[in-house]
Undergrad: 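The structure is given below, and queries will be raised subsequently.
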Amino acid sequence: MNKFVSALAFSVAAAAIAGPALAAVFVVGSSSARICYEAAESGVVTNQAAVFCDKALTEDVLSPRDIVATHVNRGIVRFHKGQYDAAIRDFDVAIARDGNQAEAYLNKGVVMLRKPGGVGEAVPLFTTAIEMRTKKPALAYLGRGMAYELSGNVNAAYADYKQANLLAPKWKAPAAELGRFQVVQN
């Protein structure tokens, strides 16, 4: 039987998924909601981006879908600003309005990896995002792998890192995580 053993101590690879890799939700038009989306998608977050997100939700006339999308996107902006609790609130609003919004689950999982004590909540969030066919499945597998590893489930972590690497072979983060493992015969 093979056992997967981490070759090195767990590197805080959550930083690898904190950049523009988060999953923004597209908004059509040239409204404040669109500017909020563009900031979330680029990962380049300024105070002005946060203002546009707030303005979109308070002043723009948005469809129900765009309201959900803007909550996801504002959550990403808040995440990049280190406002984890506020980001989680936005993702929760998006989920409450549309329980099928895979990107809200995915992004909330990323935030939970960063919050002290949040790792246990991250696994089911990433799993839900995967099951709902997130547009960034490699990110979901990488995040879930990190959560598994932090929880002590090294075998599941290895399997998820491997899946992330298969889905996005040019992305360096999954390969780096896999590089820390070695297969050991029992």
Undergrad: Can Arg34 and Glu41 be counted as an ion pair, charged N to O under 4.0 angstrom?
TA: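 Salt bridge: no.
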
Undergrad: Could you tabulate the donor-acceptor pairs under 3.5 Å formed by side-chain atoms of residues 43-57, not counting sequence neighbours?
TA:
| unit_1 | atom_1 | unit_2 | atom_2 | d |
| --- | --- | --- | --- | --- |
| Thr46 | OG1 | Gln48 | N | 3.3 |
| Thr46 | OG1 | Ala49 | N | 3.1 |
| Asn47 | OD1 | Lys81 | NZ | 2.6 |
| Asp54 | OD1 | Arg74 | NH1 | 2.9 |

Undergrad: Are the side chain of Asp60 and the backbone N or O of Ala33 linked by a donor-acceptor pair below 3.5 Å?
TA: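 Between the backbone of Ala33 and the side chain of Asp60 there is a qualifying donor-acceptor contact (under 3.5 Å).
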
Undergrad: For Leu142 and Pro174, work out which heavy atoms get closest and say how close.
TA: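 Nearest heavy atoms, Leu142 then Pro174: CD1-CA, 4.0 Å.
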
Undergrad: Does the side-chain hydrogen bond (donor to acceptor under 3.5 Å, both in side chains) test come out yes or no for Ser32 and Glu59, once each step is laid out?
TA: CA-CA 9 Å; Ser32 296; Glu59 297 177 17; over 6 Å; no

Undergrad: Distance alone, cut at 3.5 Å: any donor-acceptor contact between the side chains of Glu149 and Tyr158?
TA: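 Distance-only check fails for Glu149 and Tyr158.
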
Undergrad: Should His71 and Phe91 count as side-chain neighbours, where that means a heavy-atom distance under 4.5 Å?
TA: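 When only atoms from C-beta onward are counted, Phe91 and His71 do not touch, as no gap falls below 4.5 Å.
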
Undergrad: Can the ring centres of Tyr161 and Tyr141 be said to be less than 6.0 Å apart?
TA: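 Between Tyr161 and Tyr141, the centre distance exceeds or equals 6.0 Å.
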
Undergrad: Among Lys108, Arg97, Arg78, exactly one meets salt bridge (charged side-chain N to carboxylate O under 4.0 Å, His left out) together with Asp90. Which residue is that?
TA: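 Exactly one pass, corresponding to Arg78.
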
Undergrad: Holding to side-chain hydrogen bond (donor to acceptor under 3.5 Å, both in side chains), I want the full list of residues that pass it with Lys172, two or more places apart in sequence or in another chain.
TA: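 Listed in chain order: nothing, the list is empty.
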
Undergrad: Arg89 and Asp85: side chain to side chain contact (heavy atoms under 4.5 Å, CB included), yes or no, with the steps?
TA: CA-CA 6 Å; Arg89 283 192 300 274; Asp85 290 333; 3.9 Å; yes

Undergrad: Mind jotting down which residue pairs meet the side-chain hydrogen bond (donor to acceptor under 3.5 Å, both in side chains) criterion with at least one end in residues 119-131? Sequence neighbours excluded, please.
TA: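 side-chain hydrogen bond (donor to acceptor under 3.5 Å, both in side chains) check on residues 119-131 returns Thr127-Arg144.
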
